[in-house]
Amino acid sequence: MSETEEDTERGDGGDTREAETVVSVNPATGDVNEEVVATTPEEVDEAVEAAREAQRSWEARSVNDRLRVLDVFQNHLIRRRDEVARTIAAETGKPVGEGLVTDLIPVIDAVRFLKKRGPEVMETGLDLDNIMVMDRKSKIVREPLGVLGMVTPWNYPFGIPGSQVVYALFAGNAVVLKPARETTLTGLKIEEILNDAGLPDDLLHVVPGGGSTVGQAIVESDIDQMTFTGSNAVGEMIQERCQERGVPTTMELGGSDPAVVLEDANIDKATSGIVWSRFMNCGQTCAAVKRAYAHDSVFDEFRDEIVRKVDKLRVGNGAEENVDVGPLIDEGAVDELAQQVDDSVEMGAEVLTGGERLDREGSFYAPTVLGNVTHEMPVVREETFGPVIPVMGFEDISEGIEKANDTRFGLTASVWTRDTDRGERVAREIDAGTVVVNDHGYTYGINETPWGGYKDSGHGRTHGVWGIEEVTRMKHINKGS
Ligand code: TAP
């Protein structure tokens with residue numbers, strides 16, 4: 001949770017000069033973590049200019065030279081993992097262990113992947129079998145785009161910006177990044193640790209502040225590419241503006257990911273995976289299982305097992321021991337979720353467990369399972385960002401696939417069956433950027449694999465070979481003797 005006092009003051013018509021701060025607040029306790037001075041739009045422009053200057057010499061360095069800095073960064077991250085995970089916990093309320101697994105490991109793993117596969121992607125020789133040119137040699141080299149603008153959300157405040165920054169820097173780019181206000185301190189940690197690792201000055205600028213001021217200033221600045229991760233409402237606005245300005249974009253937007261459980265699935269495994277996916281990060285994951293469908297023949301067993309496992313989840317402040325589910329990011333998020341559940345219940349949904357805010361300090365909502373749900377209800381029709389899972393049945397697999405695809409989103413999906421060939425056939429029918437058979441859809445930490453969505457979940461990919469391609473241009477060099 002946070003406030004940009006600048007925005008508040010402007011709304012009141014007050015003096016903006018002394019109010020340019022971002023306040024980082026712990027959503028589990030309401031305590032202020034720290035207040036940080038916000039960047040001005042003019043400073044954003046200066047940051048982009050300085051980054052452009054620094055980028056030229058960074059690009060001129062060899063790939064291995066750039067990797068050496070990232071290698072030191074990786075070591076610092078491993079050494080400072082607890083400090084980073086505690087900063088994340090203080091700003092989001094998520095369990096410290098979860099921050100380690102879902103925020104830090106993806107970034108540590110990104111460096112591992114780039115060390116292993118990055119150099120060959122940046123320069124690859126081609127075999128020329130064409131009889132006309134057998135005495136010539138071709139190669140593909142990838143060149144950086146320049147200065148990249150990034151705007152990121154609070155839900156994975158280290159994992160998302162950290163991975164994106166690492167790929168961009170590896171490829172020879174500079175970055176100007178605005179982290180979400182709620183998680184400004186975590187965003188600044190990325191900059192601090194990279195600088196400690198020897199990143200040259202001005203290559204990475206983390207610019208704290210609000211979306212409508214600092215975020216907007218990045219979009220309007222002299223950047224060469226814009227990577228946005230967040231809601232569809234903001235993403236679509238940024239996309240339109242970048243298109244007008246001719247700035248290429250990568251968009252990582254919302255999700256309403258389905259889990260499809262076939263009649264032969266291992267129900268214990270499926271329900272464990274689905275509960276983990278939906279309730280980690282207090283349900284505030286783009287790629288969480290947000291809708292669960294089980295074949296009618298196993299539906300009752302599936303539903304009861306989901307409820308049993310959800311009832312065992314321990315809710316609390318993630319900075320403390322023995323907590324599975326932390327708070328939501330702020331009271332506004334609790335209000336929005338409560339409204340989606342209440343409206344769905346009014347339309348006939350049945351609360352199988354939970355279904356209410358928790359009467360305790362902090363922004364907490366009870367882990368909730370809803371039955372008797374239809375696709376007209378807000379908990380299915382809209383993206384829900386909190387600890388709520390609707391469970392539904394299907395008569396045959398074509399109905400299961402139809403229901404899974406009945407959404408504007410297409411980020412990830414999962415299929416659960418003992419017959420993995422059949423699982424793959426179903427996976428091919430589902431409209432999503434990633435479909436996982438017999439595991440939850442969350443593959444963000446596996447850097448060999450691409451990350452990105454179909455339909456309104458965005459475009460472009462941020463991981464793997466494709467993540468490098470996204471932040472580079474391809475040049476073909478052909479040499480004769
Ligand atoms: P948003 O409200 O869209 O905020 C994301 C970022 O955009 C924040 O830094 C925000 O700044 C900034 N922003 C807001 N208005 C802006 C503007 N006019 N111009 C430029 N930047 C602006 O999203 P959220 O609520 O933080 O995150 C939740 C959403 O993100 C969900 O829909 C979730 O599914 C999606 N998400 C997607 C992915 C992937 S990889 N597909 C990953 C995580 C989350 P403030 O600091 O002012 O809020």
Side-chain angles (χ1 to χ4, degrees), residues 1-8 22-24 36 38-39 41 44 91-92 102-103 106 149-161 163-164 176-184 186-187 206-221 223 226-242 249-257 281-288 290 328-330 332-333 336-337 382-386 407-412 432-434 441-445 450-463 467:
M1 187 169 94
S2 92
E3 281 168 38
T4 303
E5 294 190 355
E6 180 186 32
D7 291 350
T8 317
V22 183
V23 187
S24 163
V36 173
T39 316
V44 169
E91 291 199 295
T92 63
T102 60
D103 268 285
M150 287 180 190
V151 172
T152 52
W154 44 263
N155 62 343
Y156 289 92
F158 198 85
I160 290 172
S163 309
Q164 292 175 359
V176 177
L177 159 73
K178 190 202 91 63
R181 281 167 302 160
E182 290 85 349
T183 52
T184 295
T186 307
V206 174
V207 287
S212 56
T213 49
V214 175
Q216 198 59 41
I218 295 179
V219 174
E220 296 297 337
S221 72
I223 48 170
M226 179 74 211
T227 299
F228 174 79
T229 310
S231 65
N232 283 67
V234 176
E236 282 156 19
M237 210 165 64
I238 292 178
Q239 172 63 24
E240 204 178 305
R241 184 62 190 132
C242 286
T249 56
T250 304
M251 288 280 150
E252 299 286 1
L253 307 178
S256 180
D257 299 355
N281 209 21
C282 193
Q284 304 167 112
T285 301
C286 49
K290 292 183 182 133
L328 282 100
I329 193 68
D330 58 23
E336 195 175 326
L337 186 71
E382 300 166 7
E383 180 183 26
T384 50
F385 227 52
T407 169
R408 63 187 283 223
F409 297 111
L411 191 52
T412 79
T434 295
Y442 181 81
T443 54
Y444 194 79
W451 186 262
Y454 278 13
K455 302 201 279 191
D456 287 355
S457 289
H459 60 253
R461 295 294 181 266
T462 57
H463 274 173

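Only this structure's heavy atoms are used, side chains among them; waters, hydrogens and symmetry mates stay out. All residue numbers refer to positions in the sequence shown, counting from 1. Remember, it's 1-based here, ligands and their atoms both numbered in the order they're listed.
- Considering only heavy atoms from C-beta on, Ser221 stays 4.5 Å or farther from Val176 through its side chain.
- Contact record, Thr285 with Asn155: CA-ND2, 4.0 Å, taken as the closest heavy-atom pair.
- Atoms of ligand 1 lying under 4.0 Å from any heavy atom of Met237, numbered from 1 in the order shown and given with element: 18 (N).
- Atoms of ligand 1 lying under 4.0 Å from at least one heavy atom of Trp154, given by number and element, are 24 (P), 25 (O), 26 (O).
- Using 4.0 Å as the threshold, Phe385 has a heavy atom nearer than that to some atom of ligand 1.
- The ligand atoms of ligand 1 that sit less than 4.0 angstrom from a heavy atom of Leu411 are 41 (N).
- Contact check for Thr102 versus Tyr156: side-chain heavy atoms found under the 4.5 Å cut-off.
- Heavy atoms of Glu383 found under 4.0 angstrom from ligand 1 belong exclusively to the side chain.
- Annotation for ligand 1: atoms under 4.0 Å from non-hydrogen atoms of Trp451 are 40 (S).
- Using a 4.0 Å cut-off to heavy atoms of Ala180, the atoms of ligand 1 that qualify are 9 (O), 46 (O).
- Contacts between Thr462 and ligand 1 below 4.0 angstrom, taking non-hydrogen atoms only, are absent altogether.
- Ring orientation note: the planes of His463 and Tyr444 are tilted relative to one another, at an angle of 30° to 60°.
- At a threshold of 4.5 Å between non-hydrogen side-chain atoms, the residues Thr92 and Glu182 do not count as touching.
- By the 4.5 Å heavy-atom criterion applied to side chains, Trp154 and Thr186 are not counted as neighbours.
- Of the polar atoms of Tyr444, none of the N or O atoms is found under 3.5 Å from an N or O of ligand 1, judged by distance alone.
- Each of the following atoms of ligand 1 lies closer than 4.0 Å to a heavy atom of Gly210: 47 (O).
- With respect to Val207, the side chain to side chain contact (heavy atoms under 4.5 Å, CB included) criterion is satisfied by exactly one of Leu177, Thr184, Ile218: Ile218.
- With ligand atoms numbered from 1 in the order given, ligand 1 contributes 6 (C), 7 (O), 9 (O), 12 (C), 21 (N) to contacts under 4.0 Å with heavy atoms of Val151.
- In terms of polar-atom proximity, defined here as any N/O pair under 3.5 Å, Gly230 does make such a contact with ligand 1.
- With a heavy-atom cut-off of 4.0 Å, Phe228 touches ligand 1 through its side chain alone.
- The side chain of Ile160, and not its backbone, has at least one atom closer than 4.0 Å to an atom of ligand 1 (non-hydrogen atoms only; side chain from C-beta on).
- Side-chain atoms of Met226 and Val151, non-hydrogen and from C-beta on, do get closer than 4.5 Å to each other.
- Across all non-hydrogen atoms, the minimal contact from Asp103 to Phe158 is OD1-N, 3.0 Å.
- For the residues Arg181, Gln216, Glu182, the heavy atom positioned nearest atom 19 (N) of ligand 1 is part of Gln216.
- No N or O atom of Ile238 sits closer than 3.5 Å to an N or O atom of ligand 1.
- Numbered from 1 in the order shown, with element, the atoms of ligand 1 that lie under 4.0 Å from a heavy atom of Pro153 read 26 (O), 27 (O), 43 (C), 44 (C).
- Contact annotation: the side chain of Thr407 approaches that of Lys455 to within less than 4.5 Å [non-hydrogen atoms, C-beta and beyond].
- Around atom 41 (N) of ligand 1, the closest heavy atom drawn from Thr229, Leu253, Thr250, Val234 belongs to Leu253.
- No side-chain heavy atom of Val219 sits under 4.5 Å from any side-chain heavy atom of Phe228.
- Looking at ligand 1, you won't find any N or O of Lys290 less than 3.5 Å from one of its N or O atoms.
- The two residues Met251 and Gly235 come nearest to each other via the heavy atoms SD-O, 3.6 Å.
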